[in-house]
Amino acid sequence: MKMPLIEKLGRSIARRRLWWPILLLAVALPLPSLSGGTVADDNYFRMLARGAPGAPELARSPLDAFNFTGTDSCDKTARKERGLIAWWTPEDMQIAFWRPLTALTHWFDNALLGEHAWLMHLHNIAWYGALVAAVVLLYRRFDMPAWVAALAAMLYAVDDAHALPVAWIAGRNALLSGLFGVLSLIAHDAWRREKRRLAGMIAPVLFAAALLCGEAAAGAGGFLVAYAVFIERGPRWRSAASLLPYACVGAAWRVLYVRLGYGVAASSLYLEPFEQPLAYFRNVVTHVPLMLSGQFAFPDPAVWLVLSAPGRAVLLAWACCVIGVVLWLMWPGLEREPQLRFWLAGTLMAMAPACATWPQNRLMLLPGVGAMALLAHAIVLGLRRRGSEPVEFHSGKDRLRRYAAGGLFVLNTLAASLMLSSTAAAIGFSSAYMTRLDESLPETPEVDGTDMVIVSAPMDAFATSIPTQRSSQASRVPRSVLLLRGGMGDADIFRADSHTMIVTTPGGLLERPWSMLFRDVDTHPFAPGEAVRLPIAAITVLSVSPNGNPLETEFRFEKPLEQGMQWRIWDRAAFAEFHLPEVGGSVHIPGGDLIGLTLAVLKTSRTIPE
């Protein structure tokens with residue numbers, strides 16, 4: 001009987017112990033990110049490491065680097081006044097993560113590697129190589145054919161869902177939490193299967209380290225529970241008892257997390273499952289199939305954010321079809337092999353932390369360990385011939401299985417490899433673009449003592465990143481940055497008097513997802529007359545939509561508009577000077593769209609010719 005090419009390749013790797021090509025692929029494919037520079041949160045970490053030059057009141061411990069909004073009202077007020085968070089941020093809004101071990105590695109980067117961002121990217125790639133090596137060890141420990149383990153390891157190593165955590169310096173928390181999570185599973189297996197007591201003592205410590213690297217590590221608990229149910233032998237009470245050390249570690253971590261003031265609230269980007277159970281359940285129902293289909297096929301589930309209701313229905317139907325195909329391929333094995341049921345249950349439970357935010361491929365680093373084991377089995381079972389015929393299949397159904405399995409193999413090896421490298425290179429485009437965006441702002445001595453007003457920007461992050469971008473690069477930092485409105489809808493700017501602007505946004509001031517990072521109007525709607533007081537201006541919401549989204553907003557500045565303020569507005573893909581209208585005059589800002597914005601950004605980054 002002829003052996004499928006995929007099986008020949010896998011058996012050759014397993015028989016000759018040629019695991020090093022897989023590790024080589026893992027570290028080679030993300031290498032285009034070395035030219036990536038720093039972007040977004042990277043600059044925030046650098047600013048903290050330098051003591052927040054130009055904004056000393058924002059300085060904090062480098063170990064607290066993932067605390068983006070502060071944990072008390074004074075912190076939030078200082079950030080709002082500086083412009084690191086938008087003026088519409090509610091008092092109880094919070095995005096503060098406790099990731100001290102990951103933060104320590106970022107402090108190391110900025111303290112010792114200085115301006116050499118390529119070394120920080122190389123640091124990320126090294127952690128990814130270690131993670132893939134740990135995944136190889138994990139697969140080899142389980143009772144699957146060695147060549148199937150080799151296939152699963154290769155699928156994991158080249159998975160394009162890993163591009164952003166590897167290529168983005170600030171994505172390192174996913175790498176570290178994934179690495180220590182996998183190591184805790186390896187130690188747990190050695191304890192339970194081989195009765196190694198030392199491994200039993202090390203495993204909870206590794207689980208604790210994973211949690212201190214990132215919240216996604218809680219997903220490792222899903223694999224531990226699945227192990228107790230499907231892999232453990234012996235009385236059920238003994239299997240349950242094996243989970244007690246991890247339950248204690250998880251409970252202690254959670255108590256400390258809350259007591260220290262960390263957590264999320266009032267943002268559309270993240271939700272707190274224990275405080276918003278219904279919203280979290282809705283996320284589980286939609287996000288799980290979207291992220292699994294993103295693992296097995298395409299597209300990245302992040303496109304969910306920009307789709308209309310009919311588009312979302314089509315995407316969800318597609319996701320269910322992809323998952324159905326994979327389940328169909330591996331169903332014979334799923335019925336008879338407890339190990340496959342372990343991988344399936346572990347993957348689903350490991351996705352629990354990812355459902356607390358928007359659906360994204362990059363959240364699948366730890367759940368992907370199980371997903372790629374499932375996919376490898378699905379491909380193998382789909383290509384396996386029935387009967388003794390060396391080439392011919394007995395039915396059209398068998399041919400269909402073969403084509404489906406072959407398509408999944410090509411999609412998750414060749415196509416995924418290209419996507420991983422190209423996405424890693426895209427980080428370089430992002431960094432180049434943010435640098436050019438910063439260059440479109442004034443760099444004169446007067447900037448240090450003036451307030452900068454951004455009349456409009458398509459995303460709030462383009463304005464709120466100005467202080468960190470400039471502070472991290474020791475450039476001139478404005479005293480404050482005030483973004484009047486963020487989003488791509490139409491807007492009208494009316495000058496009521498020498499001190500007052502009124503912004504009218506027919507579609508609402510806050511647009512999902514572009515400007516709802518700092519406030520979710522579904523849970524925190526505005527009310528007419530609601531006011532925000534900043535040193536630069538008093539802001540009053542004059543009218544709102546039925547769901548509480550501001551339609552008219554008044555900005556009354558402390559000084560005449562022409563006095564001591566830098567006025568800028570988004571123009572295609574950069575900031576340009578905004579010419580103030582005369583009293584009684586107005587300016588119309590036409591809306592845009594995502595495709596136009598993307599093309600403009602690419603052109604500004606010089607990735608397409610003029």
Side-chain angles (χ1 to χ4, degrees), residues 36-71 74-87 89 93-97 99 102-103 105-107 109-111 113-115 117 120-121 168-173 267 269 427 430-443 447-454 457-483 486 515 517-518 534 536 566 568 570 574-575:
T38 58
V39 64
D41 296 350
D42 303 339
N43 294 318
Y44 178 68
F45 300 153
R46 178 177 288 183
M47 180 189 76
L48 293 182
R50 291 178 170 177
E57 70 276 15
L58 301 178
R60 61 176 59 252
S61 167
L63 297 183
D64 201 21
F66 289 90
N67 185 348
F68 297 107
T69 58
T71 52
C74 293
D75 268 348
K76 292 187 183 71
T77 299
R79 288 162 188 268
K80 192 181 293 187
E81 291 176 354
R82 277 285 181 176
L84 271 73
I85 58 178
W87 67 262
T89 305
M93 186 271 186
Q94 185 172 356
I95 301 177
F97 302 118
R99 302 170 181 172
T102 303
T105 70
H106 289 297
W107 174 85
D109 280 355
N110 288 290
L113 303 182
E115 302 296 325
M120 302 179 192
H121 285 286
W168 186 26
I169 298 169
R172 189 179 301 159
N173 66 89
S267 169
L269 177 57
I427 291 293
S430 300
S431 178
Y433 172 67
M434 293 305 291
T435 298
R436 288 176 174 80
L437 184 62
D438 183 67
E439 290 171 352
S440 70
L441 296 170
E443 178 66 18
V447 170
D448 285 330
T450 60
D451 300 303
M452 183 174 291
V453 181
I454 307 296
M459 291 185 238
D460 50 21
F462 284 145
T464 57
S465 64
I466 291 173
T468 55
Q469 174 94 6
R470 299 212 135 198
S471 181
S472 69
Q473 297 176 356
S475 300
R476 300 187 185 279
V477 183
R479 183 170 56 189
S480 70
V481 176
L482 174 62
L483 172 65
S515 54
L517 171 62
F518 298 107
L534 297 175
I536 184 176
Q566 299 273 351
R568 292 294 181 272
W570 185 267
F575 290 116

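- There is no side-chain donor-acceptor pair under 3.5 Å between Thr468 and Asn43.
- Atom OG1 in Thr102 sits 11.0 Å away from atom CG in Leu63 (nearest 0.5 Å).
- Thr464 has its side chain out of reach of Leu84: every pair of non-hydrogen atoms, C-beta onward, lies at least 4.5 Å apart.
- Contact check for Leu534 versus Lys80: side-chain heavy atoms found under the 4.5 Å cut-off.
- Side-chain contact check for Asp41 versus Trp168: some heavy-atom pair is nearer than 4.5 Å.
- Taking 4.5 Å as the limit, every side-chain heavy atom of Phe518 sits out of range of all side-chain heavy atoms of Ser267.
- The main-chain N or O of Ala170 is found under 3.5 Å from a side-chain atom of Asp42 such that the two form a donor-acceptor pair.
- In this structure, Thr105 OG1 and Met120 CE are separated by 10.5 Å, a value rounded to the nearest 0.5 Å.
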Worked verdict on Leu483 versus Val453 for side-chain contact (heavy atoms from CB on, under 4.5 Å)
CA-CA 6 Å; Leu483 172 65; Val453 181; over 6 Å; no
Test log, rule side-chain contact (heavy atoms from CB on, under 4.5 Å), inputs Ile169 and His106:
CA-CA 8 Å; Ile169 298 169; His106 289 297; 3.8 Å; yes
Is there a side-chain contact (heavy atoms from CB on, under 4.5 Å) between Met452 and Leu441? Walk through the geometry before answering.
CA-CA 10 Å; Met452 183 174 291; Leu441 296 170; 3.9 Å; yes
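- Among all heavy-atom pairs drawn from Thr38 and Ala117, the shortest one is CG2-CB, 4.1 Å.
- The ring of Phe575 has its center no closer than 6.0 angstrom to the ring center of Phe462.
- Contact annotation: the side chain of Val481 never approaches that of Arg82 to less than 4.5 Å [non-hydrogen atoms, C-beta and beyond].
- The structure places CG of Asp64 at 12.0 Å from CZ of Arg99, a figure rounded to the nearest 0.5 Å.
- Annotation: side chain of Phe45 is not in contact with side chain of Trp107 (no heavy-atom distance under 4.5 Å).
- Here the side chains of Phe97 and Phe68 are in contact, with some heavy-atom distance below 4.5 Å.
- Judged purely by atom type and a 3.5 angstrom limit, Thr69 uses its side chain to pair as donor or acceptor with the backbone of Ile95.
- Counting only distance, with no hydrogens or angles, the side chain of Trp87 and the backbone of Leu482 share no donor-acceptor pair below 3.5 Å.
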Could you go through the salt bridge (Lys or Arg N to Asp or Glu O under 4.0 Å) check for Arg172 and Asp109 one step at a time?
CA-CA 12 Å; Arg172 189 179 301 159; Asp109 280 355; 2.5 Å; yes
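- In this structure the side chain of Glu81 never reaches within 4.5 angstrom of the side chain of Arg479, judged on heavy atoms.
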